Amino acid sequence: MPAATALLVLEDGTTLPGTAFGAEGETFGEMVFNTGMTGYQETLTDPSYCRQIVAMTAPHIGNTGVNDEDPESRQVWVSGYVVREPARLASSWRATRNLDAYLRAERVPGIAIRGTRLLTRRVRERGAMRAAISTVETSPEKLLERVLASPQMTGADLARVVSTPEPYTIRPQGPAQYRVVAVDLGIKASTPGHLAARGCEVLVVPATASADQILAAAPDGVFFSNGPGDPAAATYAVDAMGGVLDAGLPVFGICLGSQILALALGLRTYKLRYGHRGVNQPVMDLATGRVYITSHNHGFAAALPTAAHDVVVATTSSGARHSGNDVVGPGPDGGTTWSHLPREALQPFETPYGPAVVSHVNLNDGVVEGLRLQRRPVFSVQYHPEAAPGPHDAADHFDHFCALLERGSGAAA
């Protein structure tokens, strides 16, 4: 029996025919790519991929099948899945089913195409764009019309779509040392697990929880999670962040949570051309000069601070915006000259909550990867310290947060 066919159509008219796998039907979303060679199940269930069609650059996906231990949320969140070659057989003692059956059960269409390299280059050159996968439409022109009528990611408020509808608690195995409220903007299961492993009782609350609701739980600190969509659309989360900052509690934000902190501090956010998605992004800690290899999944970023928080004007190939020459030196180690280390990232800037600094920078393109208040116990990173999947270089950020909880809300980060 011949394999069913499918079409992948991008909003610039690029059409890539392929072989269907997963669910039958039609799906729309923002076309992005992920460079990770492993962790496809975690990728599929990461809520940050809501309303996105994800292309994997690794050639073989599905080799180890799907199990019941690795999902990062209650469902598959990608809108569609693009691979070069799905595994014909699943080979792992942990596997309970193969990738094709999993996507069918989750009603997510997939397509196998020979041109994943071409697709990745197209997205890199022209930016993330709307796309569709269809197993039912044979006309690229008609499918393109529907792609152009589909919603943009800019302005999309998706945190409330993926968030938990009701609060729930994750408890440590032993006695709780700290109480943390985690604002679920699209949280992955591994994140409260990391906090619980460090003695935190974690109350996970919906994305729309107000500052009053968060503070009513009497937390020792507050965590703002990763999540999908445009941070500027999540005004409720920015308001909640402001209220928590006013209360003086320790705060830790990651990914979307870092962008929410940026907005609360008076910075701007903007859409990257094609985003950061993968498990090998080099990020420098500007205080120590240490370079972390990190797991990323974000399409928006915080703009670099300028003298008056003006809109910055220059743009790198990834869409990072700089207002000056981004090749500077020496770096934090005093000797090395680093490319993509913006001058604006090296100076403190004023916020309504006191002076702040850019704490981390992506060494591929100079994008802001972390923020820190100098006189309050508040910090954030724009990547995934919990990994899942990815390297564990940045897991010590959870230790730093717990150290702030230990010191109390009067400490400085």
Side-chain angles (χ1 to χ4, degrees), residues 30 32 48 127-128 152-159 185 224 226-235 237-239 241-242 245 251 253-277 281-286 294 296-328 338-374 378-383:
E30 182 182 51
V32 301
S48 295
Q152 301 268 6
M153 187 59 71
T154 300
D157 177 12
L158 300 180
L185 305 174
F224 284 80
N226 62 289
D230 187 342
T235 54
V238 179
D239 292 341
M241 176 71 80
L245 293 176
V251 174
I254 68 169
C255 305
L256 180 58
S258 184
Q259 297 156 16
I260 294 299
L261 175 62
L263 291 168
L265 297 182
L267 298 179
R268 301 176 189 271
T269 56
Y270 65 98
K271 195 174 191 307
L272 293 164
R273 181 178 297 177
Y274 52 82
H276 298 156
R277 296 176 181 88
Q281 294 280 336
V283 170
M284 176 181 280
D285 182 336
L286 296 182
T294 59
H296 280 231
N297 177 14
H298 62 97
F300 291 81
L304 284 161
T306 61
H309 293 172
D310 293 333
V311 176
V312 284
V313 296
T315 305
T316 69
S317 60
S318 72
R321 300 181 183 180
H322 299 164
S323 58
N325 187 347
D326 67 337
V327 180
V328 301
W338 293 92
S339 297
H340 303 307
L341 188 56
R343 288 185 175 89
E344 300 94 328
L346 303 180
Q347 299 297 324
F349 60 97
E350 289 299 321
T351 79
Y353 306 96
V357 293
V358 173
S359 58
H360 297 75
V361 166
N362 191 305
L363 293 179
N364 282 339
D365 53 17
V367 165
V368 173
E369 293 289 355
L371 298 167
R372 179 169 59 87
L373 287 179
Q374 292 187 306
V378 175
F379 74 107
S380 69
V381 292
Q382 196 171 254
Y383 47 89

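Remember, it's a predicted structure, so these values are computed and weren't measured experimentally.
Residues satisfying the side chain to side chain contact (heavy atoms under 4.5 Å, CB included) test with Pro228, not counting sequence neighbours, are Cys50, Leu158, Val162. Remark: Ser359 pairs with Arg372 by the side chain to side chain contact (heavy atoms under 4.5 Å, CB included) rule, at least two apart or across chains. Every residue meeting the side chain to side chain donor-acceptor pair (under 3.5 Å) condition with Ser380, not counting sequence neighbours, appears here in chain and number order: Ser258. With sequence neighbours left out, the side chain to side chain donor-acceptor pair (under 3.5 Å) criterion links Glu369 to His276, Asn362. Remark: Asp157 engages Arg160 in a salt bridge (charged side-chain N to carboxylate O under 4.0 Å, His left out) (not counting sequence neighbours). Residues satisfying the side chain to side chain contact (heavy atoms under 4.5 Å, CB included) criterion with Ala128, sequence neighbours excluded, are Glu30, Val32, Lys271.
What you find for Ala345 and Val361 is that their closest heavy atoms are CB-CG2, 3.8 Å. Closest heavy-atom contact between Gly366 and Pro342: O-CG, 3.4 Å. A pairwise comparison of heavy atoms in Pro352 and Leu265 identifies CD-O, 3.4 Å as the closest pair. Summarising the geometry of Gly242 relative to Ala264, their closest heavy-atom pair is N-CB, 4.5 Å, with the distance given to 0.1 Å. The shortest heavy-atom contact between Leu373 and Ala356 is CD2-CB, 3.6 Å. Annotation for Pro231 and Thr269: closest pair CG-OG1, 3.7 Å, computed over non-hydrogen atoms.
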Intermediate values then yes/no, side-chain contact (heavy atoms from CB on, under 4.5 Å), Met241 and Leu245: CA-CA 6 Å; Met241 176 71 80; Leu245 293 176; 4.0 Å; yes

Stepwise side-chain contact (heavy atoms from CB on, under 4.5 Å) check, Phe349 with Leu304: CA-CA 10 Å; Phe349 60 97; Leu304 284 161; over 6 Å; no

Full working for side-chain contact (heavy atoms from CB on, under 4.5 Å) between Val357 and Leu286: CA-CA 9 Å; Val357 293; Leu286 296 182; over 6 Å; no

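To the nearest 0.5 angstrom, Met284 atom CE is 10.5 Å from His360 atom NE2. Interatomic distance, Leu267 CG to Thr351 OG1, rounded to the nearest 0.5 Å: 8.5 Å. Atom CG of Leu261 is separated from atom CD of Gln382 by 11.0 Å, given to the nearest 0.5 angstrom.
In this structure, Gln281 and Tyr383 have side chains that are not in contact, with every pair of non-hydrogen atoms separated by 4.5 Å or more. Two residues are said to be in side-chain contact when any heavy atoms from C-beta on lie closer than 4.5 Å; Asn226 and Asn297 fail this criterion. For the pair Phe300/Leu256, no side-chain contact is recorded, criterion being any heavy-atom separation below 4.5 Å from C-beta on.
A donor-acceptor distance shorter than 3.5 angstrom exists from the side chain of Asp230 to the backbone of Gly155, with no hydrogens or angles considered.
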